[in-house]
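Computed from a predicted structure; not experimentally measured. Order of appearance sets the numbers: ligands from 1, and atoms from 1 within every ligand.
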Amino acid sequence: MIFYSTNLSAPHVSLKHAVLEGLAPDKGLYMPEYIPRFSEKELTDLSEAPFYELAFEIAKRFVNNELDHERLLGLIKDSYNFDVPLVQTGENTQILELFHGPTLAFKDFGARFMARLIGAFAEEDHRQITILVATSGDTGSAVAYGFQGVPNTRVVILYPSGKVSDIQEKQLTTLGGNVHALEVQGDFDACQKLVKEAFGDQELRSHLTLTSANSINISRLIPQSFYYAYAALKHRANYPDSPLLVSVPSGNFGNLTAGVFAQKMGFPIAHFIAATNLNESVPRYLNTGVFDPHATIETLSTAMDVGNPSNFSRLLDIFDKKLELFRGDITGFSIDDIETRQTMKDVYAMHNYILDPHTSVGYKALKMYREQTNLYDAYGIVLSTAHPAKFYDVVLNTLGIKVDIPERLQNVLTLEKKAQLIENDFNALKSFLKSFAC
Ligand SMILES: *Cc1c(COP(=O)(O)O)cnc(C)c1O
């Protein structure tokens with residue numbers, strides 16, 4: 001498969017190139033030259049397939065001959081060694097729980113696949129790849145856990161000292177092995193600036209192969225289409241004649257973009273609901289036709305506090321920059337913190353189910369869509385992007401419930417932090433990184 005840049009002024013590249021480069025040289029995002037289409041027969045044949053097999057069938061079409069298929073199947077099985085359950089809440093609503101991976105959030109789906117794919121490409125070239133990431137919390141932990149123990153890779157994570165939560169810090173600093181945590185005496189912007197400088201430093205790059213692992217990497221997007229395909233086929237097997245709505249709690253819109261990929265591949269999804277908190281650039285675009293991103297607003301659903309979503313350019317590309325096409329597949333709703341808490345309360349009271357604040361935004365948006373369209377019976381799936389224990393305090397002060405913390409999260413709190421404190425100075429980062437070069 002060939003990949004092009006959304007800015008259209010960079011060379012077309014292979015998957016391997018797109019994955020190792022991350023952002024295209026013209027600062028655009030990589031897109032596949034076409035979205036592979038599954039025939040009716042293929043969909044029927046896959047309707048009972050386990051998750052890993054469906055994932056393999058999709059991944060194969062993007063990877064083609066760039067990786068041995070046995071190898072690809074192996075890395076997929078290794079990436080998805082956890083459940084992806086659909087839980088019923090009410091007659092025509094299900095929640096797709098995407099939080100059963102190691103960091104209790106859906107970002108594990110993208111990060112684990114990306115890590116293993118990069119590891120496989122690195123091994124093929126007999127090289128060691130250094131992944132450099134700046135994080136303000138959650139992305140860093142998904143990436144750290146994703147790459148942990150993956151041969152031919154090492155991860156260096158820069159995080160702002162004193163500015164991440166205790167759990168997040170532990171997740172970043174207790175893995176060891178090929179995961180190195182640098183505690184930077186500065187804020188998140190300082191961390192990002194240091195990472196940028198490293199990518200721009202030719203001398204450093206002559207010693208080390210540096211790759212970024214941020215959310216715009218195409219190898220994080222492709223695997224996020226797997227669970228849409230999986231849920232859509234399950235839905236069709238149970239309700240062959242009922243069109244499916246999928247509501248997606250969104251921040252940078254990588255998740256929703258992957259959903260549109262799955263739909264264009266032929267997996268039966270009738271319509272998407274783009275659910276945002278007060279950071280509503282995309283719902284506003286859908287309502288007014290004007291994309292005018294605002295400064296980021298802080299909300300309860302912190303992982304969706306994104307004023308200017310990075311994957312919007314991919315969606316524009318898919319819909320040929322045509323508002324009508326965009327609207328044909330996606331309706332947007334913005335949900336405030338009061339509604340978010342009220343929905344957590346309602347769903348707990350009615351279904352005895354604890355929503356985290358991000359999933360709650362998705363749940364409420366689905367309800368609003370049904371009301372707006374009078375499609376009260378329409379079947380809907382809400383993607384649950386995080387385990388409620390990750391937002392322990394919000395759940396406690398909204399529902400008065402102390403959520404059980406899964407063992408894997410509890411264990412991390414007892415481990416010893418191992419981070420190297422560095423000054424907010426590029427030379428400090430550079431000398432750390434050069435210690436890997438031989
Ligand atoms: C990252 C994240 C989101 C937003 O996903 P995007 O792909 O950026 O739209 C939603 N919920 C949680 C819990 C997240 O970590």
Notebook entry, point to check: Gly254 heavy atoms, cut-off 4.0 Å: which ligand 1 atoms fall inside?
Noted result: 6 (P), 7 (O), 9 (O)
Note to self: To check your reading of the model: name the closest protein heavy atom to atom 3 (C) of ligand 1, its residue, and the distance in Å.
What the structure shows: Phe106 CE2, 3.6 Å
Next item on the list: Heavy-atom contacts with Asn255 under 4.0 Å: which atoms of ligand 1 show up? List them by number with element.
Entry: 7 (O)
Next item on the list: Can you figure out which of Thr385, Asn277, Thr359 has its heavy atom closest to atom 11 (N) of ligand 1?
Entry: Thr385
Margin query: Heavy atom to atom 4 (C) of ligand 1, shortest distance: which of Gly110, Gly251, Ala105 holds it?
Written below: Gly251
Checklist line | Proximal atoms of ligand 1 relative to Ala386 (non-hydrogen, under 4.0 Å) | finding: 13 (C)
Next item on the list: Run the salt-bridge test on Asp356 and Lys390 with the 4.0 Å N-O cut-off and return the result as yes or no.
Entry: no
Note to self: For the NZ atom on Lys264, are there more than 12 heavy atoms of other groups (residues, nucleotides or ligands in this structure) within a distance under 6.0 Å?
What the structure shows: yes
Next item on the list: Using a cut-off of 6.0 Å, state whether more than 12 heavy atoms not belonging to Lys60 lie near its atom NZ.
Entry: yes
Next item on the list: Determine, step by step, whether Tyr34 and Met1 satisfy the side chain to side chain contact (heavy atoms under 4.5 Å, CB included) criterion, reporting the C-alpha distance in whole Å, the side-chain angles of both residues, the deciding distance to 0.1 Å, and the verdict.
Entry: CA-CA 8 Å; Tyr34 64 92; Met1 173 86 73; 3.9 Å; yes
Check: In the protein, which heavy atom is nearest to atom 2 (C) of ligand 1, and how far is it?
Finding: Lys107 NZ, 2.5 Å
Next item on the list: Output yes when a side-chain donor or acceptor of Asn311 lies under 3.5 Å from a complementary backbone atom of Arg314, and no otherwise.
Entry: no
Note to self: Any nitrogen or oxygen of Phe253, side chain or backbone, less than 3.5 Å from one on ligand 1?
What the structure shows: yes
Checklist line | Identity and distance of the protein heavy atom lying nearest atom 8 (O) of ligand 1 | finding: Asn252 N, 2.8 Å
Next item on the list: Would you indicate whether Asp292, at its atom CG, is surrounded by more than 12 heavy atoms from other residues, nucleotides or ligands within a distance under 6.0 Å?
Entry: yes
Note to self: Main chain of Ser301, side chain of Asn277: is a donor-acceptor contact present, judged purely on distance under 3.5 Å?
What the structure shows: yes
